[in-house]
Each structure stands twice: as C-alpha cells, then as structure tokens.
Amino acid sequence: MRARDIGLASCHTCGLLQQLPPSGHAHCPRCHSPVHLRTPNSTQLTWALVITAIIAYLPANLYPVMTVTSLGRSQSDTILSGVIYLLLHGDWPLALIVFVASVLVPLLKIVALLYLLLSVQRRSPLRKAQRSRLYRVVELVGRWSMVDIFVVALLAALVQAGALATIEPGVGAIAFTSVVILTMFAALSFDPRLIWDNEEAHGDIT
Amino acid sequence: MTSPEQHDSLDQLPEAVVDEGRKGLPIVWLLPIVALLVGGWLIYKTYSEKGPEIVISFKTAEGIEEGKTQVKLKDVKVGHVETVSFSPDLSEVLLTVSMVRDARPYLTDKTRFWVVRPRVGAGQVSGLGTLFSGAYIAMEPDNTGKQVNRFTGLERPPVITGGRKGTSYRLKASSVGSLAVGSPVYFRQIAVGEVTEYRLSDDHEYVELGIFIESPHDQYVRDATRFWNASGLDVSLNASGVTLEMESIVSLISGGIAFETPGERATMPRAEKDHMFTLFASRAQSREQPITDTTTFALAFSGTVRGLEVGAPVEFRGIRVGTVKAIELGPGAPGTGSLAPIVLVDFEPQRLQAYGTLKNSPQVLEDRKEMFSDPVARLHRQVKEEGLRARLQTGNLVTGKLFVDIDFYPDAPPPVLADNLGYPQIPTLPSSLQGLLEGIQQILDKLEKADLQQTLSNLNQLMVSTSNLMVVLEKDAPQLSDELHGTLLDTRKMLSEAAATLKTVNNAASPRGEIGNQLQDTLKEITAAARAIRVMTEYLERHPDALLKGKGIK
C-alpha cells in the first residue's frame with residue numbers, strides 16, 4: 001500500500017501529512033508550499049532535459065574542448081583526440097580515466113535515463129529493484145563527470161603566459177558542461193517512485 | 001488549526017488547498033529547442049567559415065606538419081595545412097590547405113606562397129620566430145589575377161612583399177660577381193633597396209639583375225643615375241695616398257650595389273619603373289662619361305712604342321682626352337725610314353667634363369661647339385698655330401707603361417707628316433726618354449769630334465809638373481816632422497795643467513768643500529727661519545688679535 005493509494009502526502013517543506021485532492025495540484029495549508037503526490041511532469045521534464053543533453057552531447061565530442069597555444073604553435077583538442085593522444089603516448093591509465101569519466105559516463109547516464117523513462121512510461125514491471133539502484137548510481141555518479149571541466153577551467157585560468165603558453169577553453173567545453181549539468185538535472189527531476197507506480201496495473205501487493 | 005500529531009484517524013488529516021492545474025506544455029521544453037538552435041548555429045558557423053581548399057606544391061615539406069602548419073598573412077592565420085602528399089612523379093610535395101572563407105578573392109594565380117623558416121645568410125637573418133613555433137606558410141595576396149586553387153610555392157621568400165612601396169629597376173652587368181638575391185643597394189651608404197633577382201640575358205651576353213629601391217629613395221633614381229658594384233673593397237693608390245672605399249661590412253661579405261646621380265644631372269626626370277641601367281664594375285668607372293662621340297687621329301712615331309697598349313690613355317696635360325685605339329705598322333714620316341709604328345687614337349671630347357661645370361663664357365661655348373662639330377679642322381689649326389704635338393710618356397716607372405701625351409710646343413720644328421695614313425694626323429715628338437737618349441748621343445758625338453790628342457798631351461804636362469812638386473816636398477819632409485813633434489809636446493803639457501785647475505775648482509764646489517759647507521749652513525738657517533715663520537703664521541691664524549695685543553704670557 002502506498003500513500004498515493006489513499007490520497008495522502010506529506011508536505012515537502014514542513015512535513016505536514018495531509019489529504020490531497022484527486023487533481024494532485026495543491027499546496028500545504030500550513031506553510032503554503034506546493035504539495036504533490038509525485039513530482040509533477042516528472043517524465044516530461046526529464047525527457048526535455050535528456051533530449052537537450054543528447055543534442056549537446058554531439059558538439060561536446062566534436063568540438064575542441066581546449067586550445068593550447070605554446071610558443072606560437074596552437075593545438076586544439078577534442079575530448080576523444082585528447083584520449084587518443086594520451087594513448088599514443090603510453091599514458092593508458094590516464095586515457096582510461098578520461099575516457100570513462102568524460103565519454104562513457106555521460107553516455108551511459110543518458111542511456112540509463114532513457115531506459116528509466118521508457119520503462120516507466122511503458123509501465124514495465126520488470127527489475128524494479130535494479131532500476132532503482134541504477135537510478136541511485138546515475139544520480140551519484142553524475143557530478144564526477146565535471147572533472148574534465150574543472151581541469152579545463154583551472155588550466156585556462158592558470159596558464160596565461162602570453163606567447164609562451166596559453167590555454168583557452170573551446171566550444172566543446174561549454175557543450176560538455178551543458179551535458180553534465182543537464183543529465184544531473186534530468187536525474188534530479190526524474191521521480192524514482194514512478195518506477196514502482198505501475199504496480200497497480202498488476203494488482204496491489206500489500 | 002491543530003497539529004497533525006493530535007489526529008488519530010486519517011480522515012481527520014487536514015486537506016491540502018487545491019490549486020488550479022496548469023495546462024499545456026511545460027516551459028522546460030524550451031530547453032531542447034534552445035539547444036537545437038545553438039547546435040544548428042554552431043554547425044552553420046563551422047560550415048560557413050570553412051573556406052576554399054587549395055593545393056600548394058613545394059620542393060620539400062621541411063618543417064611542415066599535417067594539420068598544424070598554418071598559413072599566415074601578415075602574421076594572421078588564414079588557413080592551415082590539412083594533408084601532405086606527393087605529386088605522382090614524387091618530384092614535389094603537395095600540401096592541401098584549408099583556407100578561411102575571406103581569403104577566397106585573393107586566391108588568384110598571382111598570389112604567392114612560401115615557407116617561412118629561420119634563414120641565416122651573410123647579409124640578413126630572418127624568420128627567427130619560427131625557430132620555436134615551427135615553420136609556417138606565408139601568403140602574399142593579389143586579387144588582380146584569375147582565381148585558381150592550385151599554387152606553386154616559392155622556394156625562397158620573395159624580397160619584395162606587398163606592403164613595401166618602391167620601384168624596381170633592371171641592371172645590365174657583365175658578370176654577377178658576389179651579388180646575390182637580397183644583396184643591399186646603397187645610396188650614400190644607406191641601404192635603400194635590395195637585389196631581387198638575377199638571370200642570364202637571353203643571348204647569354206650579360207647578366208640581368210632586378211633591383212628594388214624602396215620609397216621614398218626611388219625618387220633619386222634618375223635617367224642619368226649610375227649604378228656600380230660596391231662589393232668588397234675599392235683600394236686606390238694615388239698622389240694623395242691610399243684611398244679605401246667600402247659601402248659597408250655587409251657588402252664586403254655579401255656584395256652590394258651603390259648608385260648616385262652626378263650632381264649636374266640630378267634635375268633629370270625620374271627613371272621609369274624597370275628602366276634598364278648599366279652596372280659598372282667600380283665607382284670610378286661609373287663616373288666616366290659614356291663615350292659615344294669619337295674622332296680617330298693617327299700618330300706616326302719615329303721611335304719605339306714598346307710599353308704602349310691599346311686602351312692606354314691619351315692625355316692633355318694630365319687630363320684624359322682619348323684612348324689608344326690601335327697600334328700598327330705603317331709608312332713612316334719622311335726621314336724616319338720606310339716603316340714606323342702608327343698609333344691610332346680616339347679623341348673623345350665628351351671626356352672634357354670641365355666644359356660642363358665651368359661657367360660657360362661665349363668663347364668656351366664656341367670652342368666647345370667646334371670641338372664637337374669639326375674636331376679635325378680645329379686640330380689642324382692648333383697644329384699649325386700653337387704647335388700641338390703628341391709624344392709618348394712613361395705613365396708608370398715600375399711597369400714601364402706608356403701613354404700618349406698631347407701638348408702645345410710653340411718652339412717645335414715644323415711638322416713632318418707621313419703620307420696618306422687615312423686619318424687626320426697629329427705630328428709627334430720623340431718621347432722624353434727618347435729625347436734624353438738622343439741628347440746623350442749628341443754629347444757623345446761632340447766628344448768624338450773634339451781634339452783628344454791635344455787634351456791628352458796637356459794632361460801629360462800637368463802630370464810632369466805635379467811630379468816635380470812632389471820631389472821638392474820629399475826633400476823638406478824631415479825638418480817639418482821635427483817641428484810638428486815639438487808643438488805636440490807643448491800642447492800635451494798645457495792640457496795637464498788645465499786638468500789640475502779644474503780639479504781644484506771641483507773640490508771647492510763639492511758638498512764637503514769650503515763652498516759646499518757654507519751653502520749647507522746657509523740652507524739650515526733658512527730652514528729654521530721658515531719654520532719660525534710657519535709657527536708664527538699658525539699662531540696668527542688661531543689668534544689674529546696677537547697682531548695688536550702681542551703674544552700672551554702662558
């Protein structure tokens with residue numbers, strides 16, 4: 001049995017347990033914060049953010065993240081070309097870290113969110129516990145993709161030695177930041193309770 | 001309202017206040033739309049900035065890296081090398097270059113590309129910046145040609161690039177010497193231009209050099225400007241000593257060209273672009289007037305002309321007026337034998353610069369006119385009236401080189417001229433050396449003719465009387481010798497006495513002598529007096545009042 005089944009919800013701000021109208025749109029009689037049974041438009045919001053993230057994912061990987069100008073020779077690197085550069089120079093552990101953190105993780109996050117969204121919308125009854133755990137991982141791992149951005153931001157701010165060496169962030173860096181932030185917000189806006197909501201289609205388990 | 005803890009039944013829970021449900025699409029859908037717009041703009045920007053791709057061929061791709069080497073115009077990036085490949089016959093490398101869009105109008109067949117690498121030459125160092133940054137391809141745009149996308153890169157950077165204003169000229173030289181592309185051109189020892197190219201003329205007769213004179217110095221290039229090769233040192237030895245001329249250390253090593261416009265010609269119009277000049281071998285040569293107007297005269301010499309060469313100068317009182325043109329054998333003048341050396345000389349009135357700078361009086365002008373219009377008539381008059389003659393003179397005592405000297409000899413005998421030499425003639429005189437020899441010969445001849453016998457008998461008599469005198473002297477010799485001995489003894493005695501006197505004087509004057517002692521005493525007293533005066537002045541300095549009051553009692 002869920003709180004939703006009996007139309008009850010507690011206020012997100014002051015914790016007051018109250019009865020909600022069937023429409024679902026209401027606010028707390030005590031602190032006037034909005035009260036919902038489920039995050040409103042959770043799937044739509046998540047969808048919008050995920051789609052934006054997918055769009056931003058392309059320039060993030062195609063455009064250079066960083067332009068290094070050293071002694072008049074300037075070199076622009078995308079994330080992947082950086083990984084390849086590291087690999088060619090035998091720095092495979094570093095290449096692996098960059099690849100996982102900057103390419104694989106955002107991609108997997110997007111795929112995971114898509115899978116969660118689709119499964120929720122199709123009211124799939126399968127592997128609910130695993131899906132919940134997937135959600136938790138997605139939410140947890142999200143911020144770690146920002147490592148790249150921190151590196152670029154730090155370098156761009158520190159390495160400004162004129163003709164000797166200058167590092168400038170590229171368009172790719174902005175796109176990549178957008179991807180990370182958008183996926184983080186998408187994960188936040190996704191209401192994991194929805195995973196369990198389709199129980200009713202198959203009868204309540206009390 | 002009561003707190004929720006006090007309710008035991010779900011029904012007693014407070015009711016949430018119902019809100020009006022919002023309809024329509026949530027505002028969040030703006031996000032993907034914005035993302036799409038931004039992405040679309042990015043793609044558009046990338047493709048719109050993508051300019052034309054061109055292919056540049058070079059002999060070598062030294063220092064060029066795929067994807068990195070940039071194409072720069074005035075040090076601003078206008079493209080980069082995408083790929084490097086070979087031409088089918090492997091003779092060249094082909095660089096595929098992606099240019100920026102704005103460069104399209106300038107990609108014409110007149111546009112030039114070259115690789116900028118560090119270059120260190122004798123005269124200049126360039127492209128040092130590329131030591132660290134690596135080579136780049138420089139571009140010199142020209143939008144006047146027709147558009148192409150295949151270029152042949154220059155192997156060496158062009159000397160003149162778009163931004164430099166100036167004028168190019170051409171020089172004709174017999175050989176290129178130590179000049180090279182980039183050799184400086186000097187005007188009053190200031191570098192004002194460069195040699196841009198050199199090549200053999202089509203008939204391989206001379207070398208054609210291209211030079212570029214930077215603005216505003218190109219205005220000093222006139223039609224009459226003389227260019228000369230200023231490479232190396234120009235050492236000349238003359239009456240005023242050794243003169244050493246050199247444009248600069250750079251020209252000493254890498255050669256150079258200098259030019260100047262003779263003073264009186266500086267008002268001539270400016271030379272046009274690509275005007276062809278002659279490059280003289282030296283400054284001295286460049287100063288000589290170009291000879292176009294000559295009249296040939298014949299000189300028949302009676303003596304030898306050994307030491308005279310074709311090209312030797314013809315001088316009038318040291319001023320060059322012509323050149324020896326040919327030396328041949330021809331019919332001699334009457335009385336000098338059937339054959340005589342005939343010297344043909346070119347009289348070159350243009351050499352008489354003096355007529356150009358001196359104040360032109362009507363008489364000078366008239367004379368000058370005649371000199372150019374009818375030199376032969378003028379010469380005949382001068383030969384007849386003023387005694388104009390030619391003679392050989394030694395120009396150089398070491399090498400024995402001769403030159404033809406022309407001067408007026410009013411006392412010269414009337415000319416004896418050879419017949420019909422085909423040229424107007426100037427009568428000759430024997431050369432000065434020849435004249436000297438002839439004089440000696442004359443003296444010898446006279447000696448030969450004189451009465452030697454008489455002279456010799458006179459001499460004999462003189463000898464006899466001398467002998468007699470000697471005999472008399474021999475007789476009186478012992479007496480003379482004794483007297484001399486006595487005189488010598490007296491002299492020696494006198495000298496020893498003088499020595500004794502000097503010794504006495506010396507003793508008296510020595511420090512231990514009488515005078516010396518007295519002097520020492522005197523000096524001591526003077527020293528004491530000086531000390532007393534010093535003490536007094538010091539005291540007075542401290543106590544000026546002592547002058548009035550006297551020294552106080554201690």
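Labels below follow one simple rule: chain letters A, B, ... track the order of the sequence lines, proteins then strands, and each chain is numbered from 1.
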Test side chain to side chain contact (heavy atoms under 4.5 Å, CB included) on A/V141 and A/V105; report intermediate values, then the result. CA-CA 8 Å; A/V141 98; A/V105 166; 3.9 Å; yes
For A/L58, is it the side chain, the backbone, both, or neither that has a heavy atom closer than 4.5 Å to a heavy atom of chain B? neither
Ignoring hydrogens and angles, state whether a donor on the side chain of B/T46 or A/Y63 is under 3.5 Å from an acceptor on the partner side chain. yes
With a 4.5 angstrom heavy-atom cut-off, could you sort out which part of A/V171 is near chain B: side chain, backbone, both or neither? side chain
So which part of A/L45 gets closer than 4.5 Å to some heavy atom of chain B, the side chain, the backbone, both or neither? both
Under a plain distance cut-off of 3.5 Å, with no hydrogens placed, do B/E140 and B/W114 share a side-chain donor-acceptor pair? no
Working for side chain to side chain donor-acceptor pair (under 3.5 Å), residues A/K109 and A/T183: CA-CA 7 Å; A/K109 258 169 77 179; A/T183 48; 2.8 Å; yes
